[in-house]
There are 2 protein chains.
Amino acid sequence: MSAPTDTRERILATARNLIYARSYTDVGVAEICERAGVFKGSFYHFFPSKRDLTLAVLDFILAETKERLLDRAFDPGIPPLDRLDRLAELAYGIQKEWAAPGGRVLGCPVGNLATELATQDEAIRAATARAFARLQRLLRQTLEEAVDSGALPAVDLDATAQAMVAYFEGVLMLAKTENDLKVIRRLLPALRHIRVPIKQSRKK
Amino acid sequence: MSAPTDTRERILATARNLIYARSYTDVGVAEICERAGVFKGSFYHFFPSKRDLTLAVLDFILAETKERLLDRAFDPGIPPLDRLDRLAELAYGIQKEWAAPGGRVLGCPVGNLATELATQDEAIRAATARAFARLQRLLRQTLEEAVDSGALPAVDLDATAQAMVAYFEGVLMLAKTENDLKVIRRLLPALRHIRVPIKQSRKK
DNA sequence: CCTTGACTGGACCGATCAGTCAACTACAAT
DNA sequence: ATTGTAGTTGACTGATCGGTCCAGTCAAGG
């Protein structure tokens with residue numbers, strides 16, 4: 001029982017904070033160790049490489065996102081379309097929270113890593129893609145319920161869910177670039193209006 | 001007259017290619033010089049620093065994007081809403097072209113730099129933000145025409161244009177992450193359905 | 001012919017990078 | 001008591017980082 005060592009957790013949390021606030025390549029192992037109050041040797045005792053650490057950081061982020069964002073937004077007790085509004089509100093709150101300390105909007109931690117590393121590291125690319133797929137699945141389920149209950153006209157469910165993921169990520173990216181939380185306030189609520197119509201045969 | 005030296009241009013083009021295909025931090029000055037067939041000394045004769053090079057690369061990208069994408073899509077001779085389809089088609093073609101050599105979808109060169117550096121380098125952040133603002137302006141103008149001609153019901157013009165920028169960037173980012181051009185094919189045409197309704201007073 | 005100055009070639013710099021390693025400590029099981 | 005093992009400490013390595021420096025090249029202008 002007890003806490004066998006919190007070292008690993010400290011490394012993980014510190015790495016998450018630094019990498020999220022800056023970037024993968026910009027943050028070095030030495031800096032992570034320093035800020036976590038850990039020595040190089042301990043780092044490499046727990047993680048075979050910086051790359052493996054990053055994969056672990058991704059898991060960490062995914063777990064946190066699930067409980068802080070997804071589980072709360074995609075609550076079956078909420079009417080389907082309202083879940084989208086909930087998602088937007090929660091995401092805004094989280095972004096605000098992260099922006100507070102450094103005064104910088106940080107965007108989506110998954111999207112940031114994906115953009116930086118997708119073309120360079122296949123494992124990380126795949127992991128981020130899986131994360132997006134999970135969000136897409138939740139959205140698709142929500143849309144399906146909305147259509148079934150008549151709250152939403154028929155749409156291409158898969159494409160619309162994916163488009164919502166894209167929009168969500170795009171808004172966070174834009175907010176990061178403008179370094180302005182208001183972008184999220186302004187744009188994210190329109191998530192519920194994203195629609196990909198069912199595709200018809202080409203218009204000749 | 002003549003070509004005073006193509007050295008600077010070669011450095012710029014090489015740097016663009018390398019940075020776009022990988023990332024700012026991952027590509028070193030030495031590698032850029034090597035691939036451009038230029039020596040370190042020449043590099044620093046033309047560019048005071050790697051950061052300044054990157055600013056120049058951004059200009060380079062912006063100029064290219066303007067003539068290859070924006071000028072063609074936002075042609076006043078095309079009906080406003082059709083310009084959006086045109087934008088989607090052209091963007092797809094360009095992405096396909098860039099993906100061909102390395103078999104990797106590269107996403108938006110501006111978005112990539114923005115995501116990687118927005119929190120670290122204020123000048124680059126501002127430059128990418130300006131690029132997005134330019135696209136937003138073009139979209140806003142297009143939407144205005146569409147509304148005036150009755151092709152589109154009234155919407156919040158500024159917010160919708162910005163939402164379209166976000167969606168556009170989000171789709172490219174997702175395509176890069178999934179490493180799949182079909183994502184663009186599938187999602188980008190829905191750009192024309194993005195809508196941010198005119199905001200009403202809070203629902204109580 | 002001589003100077004000037006843009007440009008090139010390339011050695012070199014200190015700092016930092018990810019990663020290694022052997023010695024050490026603490027505790028558990030035998 | 002002894003050994004095994006998980007974890008810690010921190011010096012160290014070779015490579016690479018961005019950047020500096022300067023002697024040399026060359027064409028244009030006087």
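Just so it is clear, the model here is predicted, and its values are computed rather than measured. Throughout, protein chains are lettered first and strands after them, A, B, ... in sequence-line order, and every chain is numbered starting at 1. The figures that follow rest on heavy atoms only: side chains count, while hydrogens, waters and symmetry mates do not.
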For the pair made of [atom1] in [X] and [atom2] in [N], what is the distance, rounded to whole Å?
{"X": "A:Phe47", "N": "C:dT20", "atom1": "CZ", "atom2": "C1'", "value": "18 Å"}
{"X": "A:Phe43", "N": "D:dG10", "atom1": "CZ", "atom2": "P", "value": "18 Å"}
{"X": "A:Glu34", "N": "D:dT9", "atom1": "CD", "atom2": "P", "value": "15 Å"}
{"X": "B:Asp26", "N": "D:dG18", "atom1": "CG", "atom2": "P", "value": "10 Å"}
{"X": "A:Ile32", "N": "C:dC17", "atom1": "CD1", "atom2": "C1'", "value": "12 Å"}
{"X": "A:Phe46", "N": "D:dT9", "atom1": "CZ", "atom2": "C1'", "value": "13 Å"}

* To do: Could you pick out which residue, B:Gly37 or A:Lys50, lies toward the 5' side of DNA chain C when each is mapped onto its nearest nucleotide?
  =>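 Whichever sits nearer the 5' end wins; that is B:Gly37.
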* **5' priority, DNA chain C, between A:Ser42 and A:Val27 [closest heavy atom]** =>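 Its nearest nucleotide lies further toward 5', so the answer is A:Val27.
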* With rounding to the nearest 0.5 Å, note down the distance linking CZ in A:Arg68 to CD1 in A:Ile94. =>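 If I round to the nearest 0.5 Å, the distance is 4.5 Å.
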* Euclidean distance, B:Met164 CE relative to B:Glu169 CD, rounded to 0.5 Å ->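 Here the interatomic distance stands at 14.5 Å.
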* Do other residues, nucleotides or ligands put more than 12 heavy atoms under 6.0 Å from the CZ atom of A:Arg35? ->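 No - once you tally the heavy atoms of other residues, nucleotides and ligands closer than 6.0 Å, there are 12 at most.
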* To do: Take atom CZ of B:Arg195 as the centre, draw a 6.0 Å sphere, and report whether it contains more than 12 heavy atoms from other residues, nucleotides or ligands.
  =>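 Buried by this count: over 12 neighbours within 6.0 Å.
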Table of protein N/O atoms under 3.5 Å from nucleotides 21-23 of chain D N/O atoms:
none

* Between B:Thr7 and C:dT8, is there a side-chain N or O to OP1/OP2 distance below 4.0 Å? ->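 Checking B:Thr7 against C:dT8: at least one side-chain N or O falls below 4.0 Å of OP1 or OP2.
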* Side-chain N or O of A:His45 closer than 4.0 Å to phosphate OP1/OP2 of D:dG7 ->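 Looking at the OP1 and OP2 atoms of D:dG7, one of them is under 4.0 Å from a side-chain N or O of A:His45.
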* To do: In sequence, state the C-alpha distance, the side-chain angles, and the governing distance for B:Arg16 and B:Glu64, and then conclude on side-chain contact (heavy atoms from CB on, under 4.5 Å).
  => CA-CA 11 Å; B:Arg16 197 273 307 265; B:Glu64 200 183 44; 2.4 Å; yes
* Considering only D:dG7, D:dG10, C:dA6, which nucleotide approaches the side chain of A:Phe39 most closely? ->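 Within the option list, the nearest is D:dG10.
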* **A:Thr115 backbone acceptor or donor facing B:Lys176 side chain under 3.5 Å** =>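 Flag set: sc B:Lys176 to bb A:Thr115 pair under 3.5 Å.
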* Is there a donor-acceptor contact under 3.5 Å from the side chain of A:Tyr167 to the main chain of B:Phe168? ->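 Between the backbone of B:Phe168 and the side chain of A:Tyr167 there is no qualifying donor-acceptor contact (under 3.5 Å).
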